Amino acid sequence: MTRGSAYDPARHGPHRVVGTGFHAEVYAAVREVPAGCVTTYGDIATRLGRRGVARQVGWALAALPADREDVPWFRVVNASGSILRQADGTPRRDQSGLLAAEGIDVSPAGRVKGFDTLRWRA
DNA sequence: CGGCTGACGACCT
DNA sequence: GAGGTCGCCAGCC
């Protein structure tokens, strides 16, 4: 992300509404995920009728402003059931903590315990 | 218009 | 499980 392809508040500002309807579609889909469940980027993409665009879903969530607390982004994990982590292992946001608040355990390695049974599909 | 980057995923070794 | 490859496509330069 050397040239601002990903969401960068320093460049775009926290209030900038990025893109067209795509982001809104993603956010709407994520809001449908019930508390205590998890889903994947790929599932969101499929739910939007855009199978295979999991990457764009991730892009949209990366652009999610911090004040959008109505979007439970932390319930979205990758297809392996792993949560967000930076290269150094420090979470960019406390995803495991937010999940724990809903009764979802995350292993030290960053994987949702019982992912297969907690996984929610539309 | 061309090139580049990804909070990804399926598949292969 | 751990790595590498390729495809996906929106947004920015």
Side-chain angles (χ1 to χ4, degrees):
Chain A
M1 91 123 156
T2 43
R3 276 209 276 88
S5 50
Y7 180 72
D8 181 357
R11 296 169 55 83
H12 303 138
H15 304 302
R16 160 124 186 217
V17 177
V18 187
T20 54
F22 183 74
H23 292 73
E25 286 182 54
V26 172
Y27 301 157
V30 174
R31 271 197 299 269
E32 291 175 27
V33 182
C37 294
V38 292
T39 190
T40 70
Y41 299 94
D43 284 346
I44 296 292
T46 301
R47 219 168 293 150
L48 294 176
R50 305 285 299 278
R51 188 143 113 66
V53 299
R55 212 164 178 167
Q56 284 67 252
V57 172
W59 199 97
L61 289 185
L64 184 67
D67 54 354
R68 290 297 299 276
E69 294 177 25
D70 57 314
V71 181
W73 59 268
F74 53 87
R75 295 183 193 133
V76 184
V77 300
N78 68 24
S80 302
S82 299
I83 65 171
L84 269 187
R85 322 190 77 195
Q86 292 186 139
D88 61 4
T90 338
R92 332 165 36 120
R93 297 185 186 173
D94 188 19
Q95 186 167 13
S96 64
L98 289 163
L99 288 173
E102 299 189 342
I104 297 176
D105 284 329
V106 177
S107 78
R111 185 162 191 283
V112 172
K113 295 182 182 176
F115 170 60
D116 290 325
T117 52
L118 289 176
R119 188 171 181 174
W120 178 80
R121 299 177 187 75

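Since the structure is predicted, the reported quantities are computational estimates derived from the model, not experimental observations. Computed over heavy atoms, backbone and side chain alike; hydrogens, waters and symmetry mates excluded. Below, chain A is the first sequence line, B the second, and so on; all start at residue 1.
Rounding to whole angstrom units, CG of residue L61(A) and C1' of dG11(C) are separated by 16 Å. Between the CD atom of E25(A) and the P atom of dG11(C) there is a distance of 11 Å, rounded to whole Å. Rounded to whole Å, atom P of dG6(B) lies 14 Å from atom CG of L84(A). Summarising the geometry, the separation between CG on L64(A) and P on dG6(B) is reported as 19 Å, rounded to the nearest angstrom. Look at OH on Y41(A): it is 12 Å from C1' on dG9(B), rounded to the nearest Å. Separating the CD1 atom of I44(A) from the P atom of dC9(C) is a distance of 18 Å, rounded to the nearest angstrom. Between the P atom of dC9(C) and the NE2 atom of H23(A) lies a distance of 16 Å, rounded to the nearest Å. Rounded to whole Å, atom P of dC8(B) lies 16 Å from atom CG of L48(A).
Heavy atoms of other residues, nucleotides or ligands lying less than 6.0 angstrom from CZ of R31(A) number more than 12.
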Apply side chain to side chain contact (heavy atoms under 4.5 Å, CB included) to residues F74(A) and E102(A) and explain how you reach the verdict.
CA-CA 11 Å; F74(A) 53 87; E102(A) 299 189 342; 3.6 Å; yes

For L61(A) and Y27(A): C-alpha separation, side-chain torsions, deciding distance, then whether side chain to side chain contact (heavy atoms under 4.5 Å, CB included) applies.
CA-CA 8 Å; L61(A) 289 185; Y27(A) 301 157; 4.1 Å; yes

Verify side chain to side chain contact (heavy atoms under 4.5 Å, CB included) between W59(A) and H23(A), making sure each step is shown before the conclusion.
CA-CA 9 Å; W59(A) 199 97; H23(A) 292 73; 3.0 Å; yes

What verdict does the side chain to side chain contact (heavy atoms under 4.5 Å, CB included) test give for L84(A) and R93(A), after you've listed the backbone C-alpha separation in whole Å, the side-chain angles of each residue and the deciding distance to 0.1 Å?
CA-CA 8 Å; L84(A) 269 187; R93(A) 297 185 186 173; 5.6 Å; no

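A heavy-atom distance below 4.0 Å to DNA chain B is reached by these residues of residues 72-83 of chain A, ordered by number: W73(A), N78(A), A79(A). Remark: A54(A), R55(A), Q56(A), G58(A) in residues 49-58 of chain A come within less than 4.0 Å of DNA chain B through at least one heavy atom.
Q95(A) has its side chain within reach of V77(A): a pair of non-hydrogen atoms, C-beta onward, lies under 4.5 Å apart. Side chains of S96(A) and L98(A) form no contact here, defined as non-hydrogen atoms less than 4.5 Å apart.
No option in V57(A), V30(A), V33(A) other than V33(A) meets the side chain to side chain contact (heavy atoms under 4.5 Å, CB included) test with R47(A).
The side-chain contact (heavy atoms from CB on, under 4.5 Å) search around V53(A) returns A45(A), R50(A), Q56(A), not counting sequence neighbours.
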